[in-house]
Participant: 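One structure, as C-alpha cells, below. Some questions next.
Lettering of chains follows the sequences in order, A, B, ..., and the numbering in each one begins at 1.
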Amino acid sequence: MSGPSTYEPKTGFEKWLDTRLPLIRFAKDTAIDFPTPKNLNYWYTFGAILAVCLVIQIITGIVLAMHYVPNTAMAFDSVERIMRDVDWGWLVRYIHANGASMFFLAVYMHIFRGLYYGSYKAPREVLWILGCVIYLLMMGTAFLGYVLPWGQMSYHGSSVITSLIGAIPVIGDTIKTYLQGGPAIGNATLNRFFSLHYLLPFIIAGVVILHVWALHVPGNNNPTGVSVKDVKKDTVSFHPYYTVKDLFAILVFLFIFAFFVFYAPNSLGHADNYIEANPLQTPAHIVPEWYLLPFYAILRAITFDLGPITAKLGGVIAMFGAIAVLFVVPWLDTSKVRSMRYRPLAKQFFVLFVAAFIGLGFAGANNPDDLIVAFGEDKLVVAYTDETGAAARSESFAEYHDAEHFIEGLDESAGASMEVVKSGFKWLWAAQFLTFFYFAYFLVILPILGIIEKPKPRPLSIADSVLGKHGQGSAGGTPVPGAANAAAPRDDA
Amino acid sequence: MRIMKLLLVAAASLGLATAAHAAGGGKHPHGPEEGWTFEGFFGTFDQAQLQRGYKVYREVCAACHSMDLINFRNLGMKNGPFYDPDYPNPNDNPVVKALASSTAEVDIINQEDGSDTTRTRLTSDPFPAPFANDATARYANNGALPPDLSVIVKARSGGADYIYSLLVGYPTEEEMSTKYALLDTSNASQHYNPYFAGDVTPQWGGDPRHRHEGDESAHAYEMLPPGGFLAMSPPLFEDGVEFDDGTPASVHQMAEDVVTFLAWASEPKAQIRKQMGLVTLIYLFILAVLVFLSYKQIWRNVEH
C-alpha cells in the first residue's frame with residue numbers, strides 16, 4: 001500500500017544511518033507519508049485510541065508494580081497504601097483500574113467497526129486474526145490484573161475461572177495445578193498471576209506491532225469497503241490529516257476517561273472487591289468485570305449435559321468457542337461486499353447482533369435464576385430430610401397453609417425450611433437464547449447472507465463516494481451480485 | 001455531528017455497564033435529608049463534622065470495629081478532621097499527638113532484654129484495634145466478626161447511604177410488634193434491619209411469596225419484609241456522645257457525622273481528586289476544541 005519511499009536523507013548522520021538501519025525512512029513512510037483513505041470516519045479513530053490506552057496501562061502499571069506487594073497477607077493493604085500514602089498513588093491506581101474499562105470500551109468499538117465495515121475480508125485476514133489475538137490477550141491480562149488487589153471478587157472470580165480450566169478433559173487438572181501453583185488458590189497463585197500480568201502487556205505490545213505491520217501492507221479499509229484505486233485521488237497522507245483527527249478523538253476519549261477517574265472511579269467496579277479476600281466466605285453473586293460479562297453469560301448458559309460433554313465442560317467450550325469463532329469470521333462471511341453500508345440485510349442482523357451482545361452482558365450481570373418478567377404463580381418448596389436423616393427431600397406446594405401444615409407434621413429433626421420457587425422468564429433463558437443467536441450470527445447468518453443477499457450498488461472509488469456520486473443508480477456504481485457471480489472482482493467490495 | 005453520536009454511544013454503553021452491576025438485597029438506602037457535603041462535583045468535607053464523626057467512631061464504633069489502615073497522622077492531613085495549616089506535617093499537630101497518646105499503648109519488644117513492654121502511641125501508629133485477633137473478636141461477639149471500617153464506604157454497595165440507612169434504620173419496638181410482627185426474633189444475638197443486605201425468609205412466619213414493595217398500609221405485616229438480620233445491635237442512642245461543639249447528639253446527627261468520617265477515611269484523597277478533576281476536564285476540553293479547530297483547518301481543502 002505504501003508507495004515508493006519519498007524520504008531523502010539530508011544531513012550526514014541521516015545518510016549514514018539510512019544505509020545501516022533506515023529507521024527514519026521507516027518512520028516517515030509508515031507514520032507520516034502513509035497513504036490513508038480520505039473517507040475514514042470517527043469509528044476509525046479507535047485504533048489510535050487503543051494505542052494510547054496500552055501505553056497508559058503499561059506506564060501506570062509499571063509505577064503500581066513499584067509499590068504493590070504480591071503476597072496474600074499484604075496485597076490488599078498494599079493497594080490501599082498506594083491509595084493513601086504513595087504520592088499521587090490514588091491517581092495512578094484509578095487511571096490503571098478505569099483504564100482497563102476504557103481499553104475494553106475502545107476495543108469493543110474497534111471490533112464492532114471491523115465487523116460492520118468488513119475489515120476482516122481479503123486481503124486483511126491476518127490483520128483481523130492478530131486483532132483477535134490481542135483481544136484474547138487483553139482478556140487474560142485484565143482477568144489476571146483483577147485478581148491482584150486480592151479482594152473478595154478477585155479471589156472468588158479467580159476460583160471460578162481456574163475451576164473452569166479444570167473442566168477440560170485429560171489435561172485440565174494439570175493446567176489448573178500449574179496455574180494455581182498448588183492444589184488451591186493461594187500465595188503461589190497470586191505470585192504467578194502478578195508475574196503473568198506484568199508479562200502479557202508486553203506480548204500485547206509485540207502483537208500490536210505485527211497488527212500495525214499487517215495494516216500497513218494492504219492499507220486501511222474504509223467505510224465504503226471499496227479498495228483504493230488511485231492513491232492520489234483516494235487517499236491523504238497519514239500526517240497531518242489523520243494525526244490531527246486521531247488526536248482530537250483521543251482527547252474526547254480522554255475526557256470521558258478523566259470523568260470516570262476523577263468523579264466515578266469505583267462505579268465500574270464491584271464494591272465487594274474492597275473487602276479483603278476470604279476463602280471461607282463466598283459473595284452472594286460472583287461477577288467478573290463488565291467487559292467480560294457477555295462471555296460469563298455464555299459460560300453459564302450451558303446448564304445441560306450433551307452426551308459425554310458435561311454442562312460445565314459445555315459452558316467452557318461455548319465460552320472459548322464464542323471467542324474462537326471470531327478468528328474464522330473472514331471465512332464465515334461469504335459476501336463479496338465488504339461494507340455493510342451496501343448490505344441491507346446484513347446491516348439489520350448486525351444491529352441485532354450488537355443488541356444480543358449487550359443483552360448477554362446484562363444476562364451475565366444477573367443471577368441466572370432471577371426473573372426478567374414474573375408471570376404465573378410462585379411455588380413454595382419445603383426442603384427436609386427423611387426420618388433416617390440420610391436423604392434430602394423436597395415437596396412443592398401451591399398454598400402456604402398446606403406447606404405450613406406439612407412442616408408442622410414433620411419431626412423437629414427433619415430441619416424443614418421453606419423456599420420460594422419463582423415463576424416467570426428467567427435470565428438464564430435469555431442467556432441461552434442470546435447465546436444461540438450469537439453463534440447463529442457467525443455460523444449460519446453470515447454464511448447464508450453472502451449468498452442470498454442482493455447488495456446495493458457501490459461507488460466506483462473512494463473519490464467518487466466522497467464527491468457524493470454514490471446512491472441510486474449513480475454513475476459508475478458497479479452492481480455486484482452475490483457470491484453466486486464468480487466473475488465478481490474480489491477486490492471491489 | 002457524528003462525534004456527538006459516537007460520544008452518546010460511548011456514554012450509553014458505560015451507563016449500561018454501571019447499571020448492570022447494580023443489585024440489592026435490602027430496602028433501597030437513602031442519605032440524610034439535607035444530603036452529604038462530600039457528594040457531587042464540588043463536594044467537600046466539613047471539618048467540624050469530621051471531628052464529630054471521629055468522636056462517634058472513637059467512643060462508640062471503636063468498641064468493636066477496627067480501622068487498621070488509618071494512622072493518627074491521617075487525622076491531621078489536608079482535608080482531614082484535625083488539619084491545621086500551621087502544621088503542614090500532621091505529625092507535629094498537637095491535637096493529633098494528644099489523640100494518639102491518649103489511646104491504648106503499643107506493644108513493643110524491649111531491645112535490651114527482649115521482654116515485652118509498651119510505649120506511648122505515636123502519630124505514626126494506626127488506630128488501636130479493639131481485639132487482638134479475629135478469633136478474640138468473634139468470641140466476644142457471638143461468633144460474628146465486626147468488619148474493619150477503614151474502607152467500609154467503598155466496600156458496600158450503596159456506600160455512605162447504605163451505612164447511614166443501616167445505622168438509623170433499626171425498627172422501633174413498636175414497629176417490631178406491628179409491621180414486622182411475623183418475624184421470629186427469638187435469637188437475641190441477631191437484630192433485624194430492613195436495610196441490611198440479606199434475606200429474612202428463614203425467620204419469616206408468613207407466606208414468603210408476599211413481597212414487601214414499599215407497602216405502608218395496615219396489611220404491611222403480611223408482606224415479607226426486606227433486609228435481614230445482623231449481629232450488630234442498634235449502636236446509636238440519643239445523647240450517646242457529647243459533641244465538643246455543642247451540636248445536639250441525635251441518632252440521625254451521630255449517624256450522619258460518623259458516616260461522613262468513614263467516607264473520608266475510606267478515601268482521604270477524594271476532595272483533592274475532585275478538585276484536580278475539574279482542572280483536568282477543563283484543560284482537556286480547551287485542548288480538544290483547539291485540536292478540533294486545527295482539524296477543520298487542515299482538512300479544509302480535502303473533500304471527505
Participant: Report yes if some heavy atom in the side chain of B:Leu284 is under 4.5 Å from a heavy atom in the side chain of A:Phe257; otherwise report no.
Facilitator: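 Sidechains of A:Phe257 and B:Leu284: no contact.
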Participant: Could you pull out the closest heavy-atom pair between A:Phe76 and B:Val151, with the gap in Å?
Facilitator: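 Taking every non-hydrogen atom into account, CZ-CG2, 4.3 Å.
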Participant: Heavy atoms, side chains only, cut-off 4.5 Å: are B:Leu281 and A:Phe262 in contact?
Facilitator: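 Side-chain contact under 4.5 Å: no.
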Participant: Please rank A:Thr243, A:Asn367, A:Ile250, A:Ile275 by heavy-atom pairs under 4.5 Å with chain B and give me the top one.
Facilitator: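 Heavy-atom pairs under 4.5 Å are most numerous for A:Ile275.
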Participant: Chain A heavy atoms under 4.5 Å from B:Met276: which part of the residue, side chain, backbone, both or neither?
Facilitator: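 When you check distances to chain A, atoms from both the backbone and side chain of B:Met276 fall under 4.5 Å.
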Participant: Relative to chain A, which segment of B:Ile70 carries a heavy atom at a distance below 4.5 Å: side chain, backbone, both, or neither?
Facilitator: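 Contact with chain A is through the side chain of B:Ile70 alone.
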Participant: Using heavy-atom distances under 4.5 Å, tell me whether B:Ser294 contacts chain A through its side chain, its backbone, both, or neither.
Facilitator: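 Both backbone and side chain.
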Participant: Contact part of B:Pro202 toward chain A, heavy-atom cut-off under 4.5 Å: side chain, backbone, both or neither?
Facilitator: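 Answer is neither: B:Pro202 stays 4.5 Å or more from chain A.
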Participant: Considering residues, nucleotides and ligands other than B:Arg273, do more than 12 of their heavy atoms fall under 6.0 Å from its CZ?
Facilitator: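 Atom CZ in B:Arg273 is crowded, with more than 12 foreign heavy atoms closer than 6.0 Å.
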Participant: How close do B:Lys269 and A:Arg84 get, heavy atom to heavy atom, and via which atoms?
Facilitator: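 The answer is NZ-O, 2.8 Å.
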Participant: Chain A heavy atoms under 4.5 Å from B:Tyr283: which part of the residue, side chain, backbone, both or neither?
Facilitator: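 For B:Tyr283, no heavy atom lies under 4.5 Å from chain A.
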Participant: Which atom pair, heavy atoms only, marks the closest approach of A:Trp90 to B:Ile272?
Facilitator: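 For A:Trp90 and B:Ile272, the tightest heavy-atom pair comes out as CZ2-CG2, 4.1 Å.
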Participant: May I ask you to decide if B:Lys274's main-chain N or O and A:Tyr263's side chain share a donor-acceptor pair within less than 3.5 Å?
Facilitator: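 Yes, A:Tyr263 side chain to B:Lys274 backbone: donor-acceptor pair under 3.5 Å.
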Participant: Pick from A:Ala258, A:Gly364, A:Pro265: which one has the most heavy-atom pairs with chain B under 4.5 Å?
Facilitator: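 That would be A:Pro265.
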Participant: Once you round to the nearest 0.5 Å, how far does CG of B:Leu145 lie from CD of A:Gln281?
Facilitator: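 The distance works out to 8.5 Å.
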Participant: Decide yes or no for B:Asp207 and A:Leu380: does some side-chain heavy atom of the first lie under 4.5 Å from some side-chain heavy atom of the second?
Facilitator: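 Yes. Closest side-chain heavy atoms under 4.5 Å.
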Participant: Picking from B:Leu290, B:Asp68, B:Leu278, B:Asn74, which has the most non-hydrogen pairs under 4.5 angstrom with chain A?
Facilitator: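 Of B:Leu290, B:Asp68, B:Leu278, B:Asn74, B:Leu278 has the most heavy-atom pairs under 4.5 Å with chain A.
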Participant: Enter the distance from A:Leu91:CG to B:Thr280:OG1 here, rounded to the nearest 0.5 Å.
Facilitator: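 Answer for the CG-OG1 pair, A:Leu91 versus B:Thr280, is 7.5 Å.
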Participant: Would you please classify the geometry between the B:Trp299 ring and the A:Tyr241 ring as parallel, tilted or perpendicular, with 30° and 60° separating the classes?
Facilitator: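 If you compare the ring of A:Tyr241 with that of B:Trp299, the planes turn out perpendicular.
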Participant: Could you pull out all residues at least two apart from A:Glu276 that satisfy salt bridge (charged side-chain N to carboxylate O under 4.0 Å, His left out)?
Facilitator: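 Not a single residue meets the salt bridge (charged side-chain N to carboxylate O under 4.0 Å, His left out) criterion with A:Glu276.
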Participant: Identify which of A:Asp85, A:Val261, A:Asn266, A:Asp272 forms the greatest number of heavy-atom pairs closer than 4.5 Å to chain B.
Facilitator: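 Among A:Asp85, A:Val261, A:Asn266, A:Asp272, the one with the most close pairs to chain B is A:Asp85.
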Participant: Go through the structure and list residues passing side-chain contact (heavy atoms from CB on, under 4.5 Å) with A:Ala271, not counting sequence neighbours.
Facilitator: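 With neighbours one apart ignored, the set is B:Ser157.
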Participant: Counting only non-hydrogen atoms closer than 4.5 Å, does A:Ile462 touch chain B with its backbone (N, CA, C, O), its side chain (CB onward), both, or neither?
Facilitator: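 When you check distances to chain B, no heavy atom of A:Ile462 falls under 4.5 Å.
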Participant: Examine whether an atom of A:Gln152 lies under 4.5 Å from a heavy atom of chain B, and if so say whether it belongs to the side chain, the backbone or both; otherwise answer neither.
Facilitator: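 Nothing of A:Gln152, per the 4.5 Å heavy-atom cut-off to chain B.
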Participant: Give, as side chain, backbone, both or neither, the part of A:Tyr94 having an atom under 4.5 angstrom from any heavy atom of chain B.
Facilitator: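 Side chain only.
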